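In the text below, chain A, chain B and the rest are named by the order of the sequence lines, each starting its count at 1. The structure displayed is predicted, hence computed values, not measured ones.
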Amino acid sequence: MTSSKTIVLRSSDGATFEVDEAVALHSLMIKHRIETGGADSTTIDVPEVTGNTLSKVIEYCKKHVEAPNSDDLKSFDTDFVKVDQAVLCHLAKASYYMNIKGLLDLSSKTIADMFKGKTVEQIRETFHIKNDFTPEEEEELRKENSWNLFV
Amino acid sequence: MEGLDSGSLIGSNDDLLIEISVRLPLKSVLRFKSVSKHWLWLLSHRRFTLRYDNNNNNLPKSLGLFDTDDVYAPYDVANPTPNPLGSSRTLASYFPRPDVRIMQSCNGLLLCCSDYRHKPSRMFFVFNPTTKQLETIPFPPSFPTESDIRMSLAFHPTECPHYKIVCVGTLEENYISQIQVFSSDTREWKISSEEFYSLSLSFVNGVYWNGAIHWPPCGGGSHWNLMCFHIESQQLQKLPLPKEVITPIIRTSYFGESRGHLHLIVNAEYSNHFCVFEMLRDRSGWFLKYRVQLNGLPPDFLEMIHVYAFGIMDVVRGETEEDTLVVVTANSILIKYNVHDKSFNYISSDHQWLITGWYEAHRYIQTVECLVICSFMSLHYVYAYYVKLVTLFW
């Protein structure tokens, strides 16, 4: 049996997860923490990420570290992001914060694909953004983009 | 309820917004600029535009060619990019003046001139064909409006967010030529210290490379000149011609830049093969980069080279050496030819391709670089900067 070191990751809501060091190092943020860490580098706090999201992130890292050349990696990734919008957004945020490039690419691309066809109004609704252009400013914008027939 | 969470999760996080936006198709990026002032600012900011322009997608940076007008020929045969101007719109429809032609393409921006048939009304513009942003260039102050002025555009997005225009013109009083430089950040023309009699120099068809505008060889007999004007130092420099070129008659068959390399082809008109020279970075000379043999092309095309006008439209360096292309034309047919494996493809343009001069073909490079942000946004810039400052110290 290989004696691999394990790391404990603690989420924002106090949930703890014991993972192999190799899996944890898939996050460059954690790698950096361990490399520059002091005495207690066996428990690492990840305050930006909730327990639910962290468990999914770990699932992703496990698969990519333990079986990086497996044939079903692509289908794993495809299925991995078949989650609802909220989970997807949390995954994107976590992967950005934890610096996991593959997961950031995957989740951001999936979100981008979800939003690319939306209208400006729909984007405002989804992100709860107020339209802060005055009618005159919108007119100036419209003139600049007058070639764009699709709103 | 969860929708509320995820929306504000991303919406309030600029870094995440950028991560997602760099993976959006171009149309969506341009459309979403209308969402809010913050999105307009973010999607126009260099932090985003530089990343977006360099990020994607295995697309070659040079997407196609314009002629001086609206005719567009995409390079990718499998996934041709549509004419960015729209196939039913004319180039002039984006401009406030008629008779518009493209003079130069430089890293995604186009230098254009209107009223080209009527000099006194002539106006110059910098146009981004991807975003359709347009900036009018004020006429250089000391040159008479009917005079033959020569304009060149200098722009490189990663070097500097601002573009410069170099104008060579002649003063009325004494026929001395002067060089002025316009900068897009100050929007002012500054007169350089270079003054000369320009009777033998032409300063047309300039190419921006390595911090300077280079003009193709001009002259005759034993007097040939290859000049460049350094943007920073504002000085002219005379450059050597390739030493391999020894014939007294030099016809520039191609002069252009690609991926940081400056290429020159001379005297290629009447043969099936030609040499592509590349300039050394210190400008001390040239070296022979490629010997291009066109024998791999279809015989009926090769026949046309001798009968019709043959032109070299572009030399495009690929991301790898194996992807380097030369685009040639004869009798309205366009072919892109891979210099290494000698494979070739016919390229089709949306209207008939009539030009044969390299200086009449202008590359299309997609860029979301924002020339100028709407006037009402200037306050927003100050606000955004202030917010950043406050959050830094809090």
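Annotation for A:Lys56: atom NZ counts as buried by contact number, over 12 foreign heavy atoms lying within 6.0 Å. Applying the 6.0 Å contact sphere to NZ of A:Lys62 captures no more than 12 heavy atoms from other residues, nucleotides or ligands.
For residues 100-116 of chain B, the set of pairs meeting the side chain to side chain donor-acceptor pair (under 3.5 Å) definition, not counting sequence neighbours, comprises B:Arg97-B:Asp115.
The greatest number of non-hydrogen atom pairs below 4.5 Å with chain A, out of B:Val29, B:Asp15, B:Leu134, is found for B:Asp15. Among A:Asn131, A:Leu104, A:Leu88, the residue making the largest number of heavy-atom pairs under 4.5 Å with chain B is A:Leu104.
Using a 4.5 Å cut-off between heavy atoms, B:Ile20 touches chain A through backbone and side chain atoms alike.
Partner of A:Leu9 under the side-chain contact (heavy atoms from CB on, under 4.5 Å) criterion, chosen from A:Ile30, A:Asp45, A:Thr16: A:Ile30.
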